[in-house]
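Throughout, protein chains are lettered first and strands after them, A, B, ... in sequence-line order, and every chain is numbered starting at 1.
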Amino acid sequence: MKLYNTLTRKLDDVAPLDGRTVRIYSCGPTVYDHVHIGNLSAYIFADTLRRALKVAGNLETQHAMNYTDVDDKTIRRSHERFPDDDPAAALVKLTDECISIFNEDMVRIGNDASALTFVRATDPKTIWGMQDLITKLHAGGFAYIADDGVYFSIEAYKKAGKTYGQLLELSSANTSEARIQNDEYDKESVHDFALWKTQKDGEPSWDFTLDGHDLKGRPGWHIECSVMSRQILGQPFDIHTGGVDLIFPHHENEIAQSTALEDNPVMATIFAHNEHVLVDGKKMAKSAKNFYTLQDVIAKGFDPLAFRVKMLQSHYRSQVNFTWESLEAAQNLLQNLRAWADLKHQKAAHNAAASAGYKEAIQKVFDAVQDDLDTPSAFVQLAKLVADGETSGVDPDKIQPLLNILDRLFGLSLAERPDIAHEQKDLLAEREAARGSKDWTRSDELRGTLGKQGIGVRDTDGGPVWFRQ
RNA sequence: GGCGCCUUGGCGGAGUGGUUACGCAGAGGUCUGCAAAACCUUUUACACCGGUUCAAUUCCGGUAGGCGCCUCCA
């Protein structure tokens, strides 16, 4: 499988470092609120990448994702929501709630959460690991203690012969005087970033002593991913995913933290980044208030999987402009896919010869997803299968295995769709009888009854074929 | 200011130096008891200006517009 690597700026082959299992780490959500559908698109990307490696690439995978459950936003929001609780308890209440909503969203959009190992930044093991790494970085001369916390020294990192700026060319213009002066933190150099922040009033904290200093406080953002990825996957691992906005500084800083003390300059072989979902041509962002949540999508009457289809119909490295109209098109396509899958229940649509192209189609789908996760091309093949099914029917023996594969690859839940109810079958049979005796009034009446139950009927040479509307 | 990306038909969205992507939607028709589906036809697609070429939407240069990162952000 080929995947675009931000580190090398080209398509690289995914070849597991240990020769057996592709280890993937995906930056997860900051759990202070509902995530928006732009956030979810990043997880659809990561989920589809893992599925493609497993199903099309026939590789073992191990996939980890974090919950950032302590930062400025989670702390502030937990105060607002639970003002009477002490800071630590309020933080747990808020983040527990947000994590549970997030997990529901993940399932609704078809992501296989069971394939993921989730870790919280505040997990005691993570906290301990972060403190341990900070202690070692400090001992190695890569971290220094300031008034408000512990910082990573990029100068020391560079002096050790390491490259800061592996993912992004950093120009001197980035170090503007204005930014240095506006910076409220007490760091030595603009790019230096906090590994640990000492406690401010009303903030939750963890005990930490470093070099005789009492640094009771909380971790910085970047350090958690360095530690969690190493604890779960080891290091270096194979693929690190995230949105393009995380390229700098987050992933750059992760690399610095993770490689400062190592001989190997690489944290992960491949960094893969997904582009953003836009609304009205602008980046969807909480701060711009131009975002939608999955709850908004559902409230508008859409199936969450229609959003998945919408995302899979475009390439992960292209920006997608989200509009309700385009979501409707995706929902229609989803409905067509479902109608195709439902043909397996219907004798009138069975045709043993229909499977002639299945093998080739699935091969084309596999080829597409293995070519830098080209899901749009894969969906062209799906559309062809659907069109063939409508004209030529489906092979009752071969379609189920095909649906199973497609579900494992795309997560659209096409394989386990149930048959219609016996009562509805009886109505269909009754309508056929009425048609046989040319009782068109009765026939149309029965079609109307089925229509009210969400079942449409089309008459074919082989008999009536129903479809869910 | 620095770095990078994008601009395709009514909407979305691939792709290619010369031949219909595809999805969704619209119009007309064939078929049908009526429908549906399918099929056929249809609405002069590739931002603009130059250049290279027998030939450019596809390569090169420029112009315009848009977007992203450089600061928390998927």
Chemist: Is the cationic atom of A:Arg51 (NZ for Lys, CZ for Arg) positioned less than 6.0 Å from the six-membered ring centroid of A:Phe410 and within 45 degrees of its normal?
Modeler: no
Chemist: In terms of side-chain heavy atoms of A:Asn332, which of B:G68, B:C34, B:A25 is nearest?
Modeler: B:A25
Chemist: Expressed as a whole number of Å, how far does the C1' atom of B:C31 sit from that of B:A45?
Modeler: 31 Å
Chemist: For A:Ser443 and A:Cys27, find the nucleotide of RNA chain B closest to each by heavy atoms; which residue's nucleotide sits nearer the 5' end?
Modeler: A:Ser443
Chemist: If you measure from the C1' atom in B:C49 to the same atom in B:G10, how many Å do you get, rounded?
Modeler: 28 Å
Chemist: Can a donor-acceptor pair be found between the side chains of A:Thr30 and A:Tyr67 at a distance below 3.5 Å?
Modeler: no
Chemist: Taking B:U57 as the reference, what is the distance to B:U16 when you measure between their P atoms (whole Å, please)?
Modeler: 16 Å
Chemist: Would you indicate which nucleotide in B:C70, B:G23, B:A14 comes nearest to any side-chain atom of A:Ser318?
Modeler: B:A14
Chemist: Look only at the side chain of A:Gln199 and the backbone of A:Glu203, and say whether a donor-acceptor pair between them is shorter than 3.5 Å.
Modeler: yes
Chemist: With heavy atoms under 4.0 Å as the rule, sort A:Val465 into base, sugar-phosphate or nothing.
Modeler: nothing
Chemist: If you look at every strand shown and take non-hydrogen atoms under 4.0 Å, does A:Phe45 touch a base, only sugar-phosphate, or nothing?
Modeler: nothing
Chemist: Is it the case that B:G12 (base atoms only) and A:Asn321 (side chain only) share a donor and an acceptor within less than 3.5 Å, ignoring hydrogens and angles?
Modeler: no
Chemist: With heavy atoms under 4.0 Å as the rule, sort A:Arg431 into base, sugar-phosphate or nothing.
Modeler: base
Chemist: Let me check I have this right: for RNA chain B, each base becomes ., (, ), [, ] or |, based on Watson-Crick or G-U pairs with both distances under 3.5 Å. What is the full string?
Modeler: (((((((..(((.....[...))).(((((.......)))))....(((((..]....))))))))))))....
Chemist: Roughly how many Å apart are B:C60 and B:C6, using the P atom of each and rounding to a whole number?
Modeler: 11 Å
Chemist: What's the closest nucleotide to the side chain of A:Leu333 if the choices are B:A14, B:G33, B:G23?
Modeler: B:G23
Chemist: So, the side chain of A:Arg9 versus the backbone of A:Leu167: is there a donor-acceptor pair under 3.5 Å, distance only?
Modeler: yes
Chemist: Give the rounded distance in Å between these two atoms: NE2 of A:His34 and P of B:A74.
Modeler: 16 Å
Chemist: On RNA chain B, nearest-nucleotide positions of A:Lys310 versus A:Thr441: which is more 5'?
Modeler: A:Lys310
Chemist: Using OP1 and OP2 only, check whether a side-chain N or O of A:Thr375 sits under 4.0 Å from B:G13.
Modeler: no
Chemist: Expressed in angstrom and rounded to an integer, what is the separation of A:Asp245 atom CG from B:A74 atom C1'?
Modeler: 5 Å
Chemist: Do you know which of A:Tyr144, A:Tyr164, A:Phe193 makes side-chain contact (heavy atoms from CB on, under 4.5 Å) with A:Phe152?
Modeler: A:Phe193
Chemist: Among A:Arg442, A:Lys425, A:Arg447, A:Arg435, find the residue that satisfies the salt bridge (charged side-chain N to carboxylate O under 4.0 Å, His left out) test when tested with A:Glu430.
Modeler: A:Arg442
Chemist: Using atom P in both nucleotides, what's the gap between B:U32 and B:A25 to the nearest angstrom?
Modeler: 25 Å
Chemist: For atom P, what is the distance between B:A35 and B:C11, given to the nearest Å?
Modeler: 31 Å
Chemist: Between B:A74, B:A38, B:C24, spot the one nearest the side chain of A:Glu390, thanks.
Modeler: B:A38
Chemist: Show which side-chain atoms of residues 383-394 of chain A pair as donor or acceptor with protein atoms under 3.5 Å away, not counting sequence neighbours.
Modeler:
| unit_1 | atom_1 | unit_2 | atom_2 | d |
| --- | --- | --- | --- | --- |
| A:Thr391 | OG1 | A:Ala387 | O | 3.1 |
| A:Thr391 | OG1 | A:Asp388 | O | 3.1 |

Chemist: Between the protein and nucleotides 7-11 of chain B, which nitrogen or oxygen pairs come in under 3.5 angstrom?
Modeler:
| unit_1 | atom_1 | unit_2 | atom_2 | d |
| --- | --- | --- | --- | --- |
| B:C11 | O2' | A:Glu325 | OE1 | 3.4 |

Chemist: Is the phosphate of B:G23, meaning OP1 or OP2, less than 4.0 Å from a side-chain N or O of A:Asn336?
Modeler: no
Chemist: Look at all strands and tell whether A:Thr391 reaches a base, only sugar-phosphate, or nothing, counting heavy atoms closer than 4.0 Å.
Modeler: sugar-phosphate
Chemist: By nearest atom, which of the nucleotides B:G13, B:A74, B:C72 is closest to the A:Lys73 side chain?
Modeler: B:C72
Chemist: Strictly distance-based, threshold 3.5 Å: is any side-chain N or O of A:Asn274 a donor or acceptor partner for the main-chain N or O of A:Tyr316?
Modeler: no
Chemist: Return yes if the base of B:C34 and the side-chain atoms of A:Asp459 contain a donor-acceptor N/O pair under 3.5 Å, otherwise no.
Modeler: yes
Chemist: Go through B:C22, B:C70, B:G68 for me and flag the one nearest to the A:His276 side chain.
Modeler: B:G68
Chemist: Given 3.5 Å as the limit, does a donor-acceptor pair link the side chain of A:Ser318 with the main chain of A:Ser314, or not?
Modeler: no
Chemist: With a 6.0 Å cut-off (strictly less than), is the heavy-atom count around CD of A:Gln295, excluding the residue itself, greater than 12?
Modeler: yes
Chemist: Please work out if A:Ile247 contacts a base, only the sugar-phosphate, or nothing of the nucleic acid, heavy-atom cut-off 4.0 Å.
Modeler: nothing
Chemist: For the P atoms, the ones on B:G17 and on B:C59, what distance do you get once it is rounded to whole angstrom?
Modeler: 8 Å
Chemist: Closest approach to the side chain of A:Tyr43, judged atom by atom: which nucleotide of B:G33, B:A74, B:A36 is it?
Modeler: B:A74
Chemist: Of the nucleotides B:G68, B:A14, B:A74, which has the atom closest to the A:Ser377 side chain?
Modeler: B:A14
Chemist: Measure from the side-chain heavy atoms of A:His36 and tell me the nearest of B:A38, B:G33, B:A74.
Modeler: B:A74
Chemist: Classify the nucleic acid contact of A:Gly456 as base, sugar-phosphate or nothing, counting any heavy atom under 4.0 Å across all strands shown.
Modeler: nothing
Chemist: Can you check the distance between B:C46 and B:A21, where both ends of the measurement are the C1' atom (answer in whole Å)?
Modeler: 13 Å
Chemist: B:A35, B:C70, B:A74: which one has an atom nearest the side-chain heavy atoms of A:Arg458?
Modeler: B:A35
Chemist: Strictly distance-based, threshold 3.5 Å: is any side-chain N or O of A:Asp342 a donor or acceptor partner for the main-chain N or O of A:Phe467?
Modeler: no
Chemist: Is there a donor N/O on one and an acceptor N/O on the other, under 3.5 Å, for the side chain of A:Arg447 and the base of B:A35?
Modeler: yes
Chemist: Remember a base hit wins even if backbone is also touched, and classify A:Val457 as base, sugar-phosphate or nothing at under 4.0 Å, heavy atoms.
Modeler: base
Chemist: So which of A:Glu275, A:His276, A:Met311 actually passes side-chain contact (heavy atoms from CB on, under 4.5 Å) with A:Val320?
Modeler: A:Met311
